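Comments concern the structure below.
On a predicted model such as this, the values are computed, not experimentally measured, just so you know.
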Amino acid sequence: MSETRPRSNRSGVPGIARHGRLQKSHATVTVLKFLAAALAVVLVSGASVAGIALSQIKANIKTVTLVGETEGPPPQLGAFDGGFNLLLVGSDTRKGQGAYAGKDDGVLNDVTMLLHVSEDQTNAVAVSIPRDMVVPIPACPREDGKGNYGAMSAQPINNTLAYGGLPCTVLTVKALTGLDIPFAALITFQGVIDMSTAVGGVPVCINGPLRDKYSEIDLPAAGTYTLSGFQALAFLRSRHGVGDGSDLGRISSQQVFLSSLVRTVKSDSTLTDFTKLFGLATAASKNMTLSKNLSNLNTMVSIALVLKKIPLNRISFVQYPGTTGVGGVYAGKVAPIVSAANALFAKIKADEPFSLDSGTGRGSIPDPNAPASTAPSASAAPDAAASDAPEVLPGVLGQTAADYTCSKVNN
């Protein structure tokens, strides 16, 4: 681990998500919301090393067929046409995960993140769904192809991976959001370890000593740390050490890491370094399972080209609106805030611009030492001359990849 001077987030200004159209899991093995950036890494890396070692990368990738997914002719290599939705799922499987695995045989999706790219390909928003959020689970096909598991009315969403694999998680999120999801990817926690190492570490700011005996993170003082390998995973796993100790606090703390990771991946020091790019692509492909359509290399590279060109201030990380402290089926879990969620997904479906509510969430704060160049700009705030400034969505929290934030420690 290396330590540098503390840095900080721009702001206090609500983030903007612009979408205007032109035409029970064990704490020691949680896979966290590294996923949106992780897939972007392997896709961008795939584009960069295409023609050098894509066959090797392809050989590493495992695939699964989603419900209703059919194989058509391979797409032509080029720019992806229009917008798309991609579900990123993190598995807490211990199988094949080395020294950090533990002995529990459970397989849960500790990470469920929906990535939406707008129709005009100028904006992206990644919605993190709390692993403890209680939702309906539809009937899901059995892995052996012999019939379906029955539907359930109220279960934590992180049960879906064990219940029917990646196809079941996709079906659940489709029903929850009303969005079509043609692409999906699953990654193990070993992938988080390997990819954070391959990129050379991710700078992460904290506002005080961060210690969590459950995740085994121990950062002694406020400041910015460059985290890689097991330390990166331990930071992402930390629940008790950040925010208010809840799953919601952990999500906003993880978004500190995600925004920094995206900045790192999109920097010239990464995109021009073949060793890093090939290492990222290899690490990701060895630890990922992709839906059949996404596993096509032409599709991967075409999507990568879209993600690569989206500006940092137009990549938003938001939380699915939820709350704790509700009784009944939500006791000890997260209850969705239905009105706020409906407003969020109505905007996403219509590709309409919206502004995030003030605040980044329970587990993060603006970085007081953010580089001056990241001060709020016209491109990241509503157009002062516009009479139809983006609507603020109450209860929708998060940040953009351009925002410098610090993880808020739980004292």
inquiry  = Please tell me whether Y320 and F345 form a close aromatic pair, meaning their ring centres lie under 6.0 Å apart.
reply    =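 Ring-ring flag for Y320/F345: true, centres closer than 6.0 Å.
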Would you say [X]'s side chain and [Y]'s backbone share a donor-acceptor pair under 3.5 angstrom?
X: N313; Y: A401; answer: no
X: N85; Y: D180; answer: yes
X: T197; Y: G229; answer: yes
X: Q121; Y: G82; answer: yes
X: S302; Y: T299; answer: no
X: D357; Y: G395; answer: yes
X: R250; Y: R237; answer: yes

Taking K292 first and then E69, would you say they form a salt bridge - that is, a charged N and a carboxylate O separated by under 4.0 Å?
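So K292 does not pair with E69 through a salt bridge.
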Pair R239 + D132: basic N to acidic O under 4.0 Å: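 D132 and R239: salt-bridged.
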Run the side chain to side chain contact (heavy atoms under 4.5 Å, CB included) test on V170 and V67 for me, step by step, so that the C-alpha distance in whole Å, both residues' side-chain angles and the decisive distance to 0.1 Å come before the verdict.
CA-CA 9 Å; V170 171; V67 175; over 6 Å; no
### Message
Can you confirm whether more than 12 heavy atoms, excluding those of K286, are under 6.0 Å from its NZ atom?
### Response
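Counting neighbours around NZ of K286, 12 or fewer heavy atoms of other residues, nucleotides or ligands fall under 6.0 Å, so no.
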**Study point:** Intermediate values then yes/no, side chain to side chain contact (heavy atoms under 4.5 Å, CB included), L305 and K309
**Key:** CA-CA 7 Å; L305 296 175; K309 71 182 181 181; over 6 Å; no
Can you see which heavy atom on [X] is nearest to which on [Y], and at what distance?
X: A335; Y: M133; result: C-CG, 4.5 Å
X: S259; Y: D403; result: OG-O, 3.7 Å
X: A283; Y: M195; result: CB-CG, 3.7 Å

For a 4.5 angstrom cut-off between non-hydrogen side-chain atoms, does [X] reach [Y]?
X: V204; Y: T224; value: no
X: P321; Y: L344; value: yes
X: S128; Y: M113; value: yes
X: L312; Y: T400; value: no
X: P130; Y: I251; value: yes
X: N410; Y: D244; value: no
X: D212; Y: F235; value: no
X: I187; Y: L88; value: no

Less than 6.0 angstrom from the centroid, inside 45 degrees of the normal: does R142 satisfy that with respect to the ring of Y149?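 Yes; both conditions hold, so R142 lies above the ring face of Y149.
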- Task: Determine, stepwise, if the pair N60 / T282 fulfils side chain to side chain donor-acceptor pair (under 3.5 Å).
- Result: CA-CA 8 Å; N60 292 334; T282 301; 5.2 Å; no
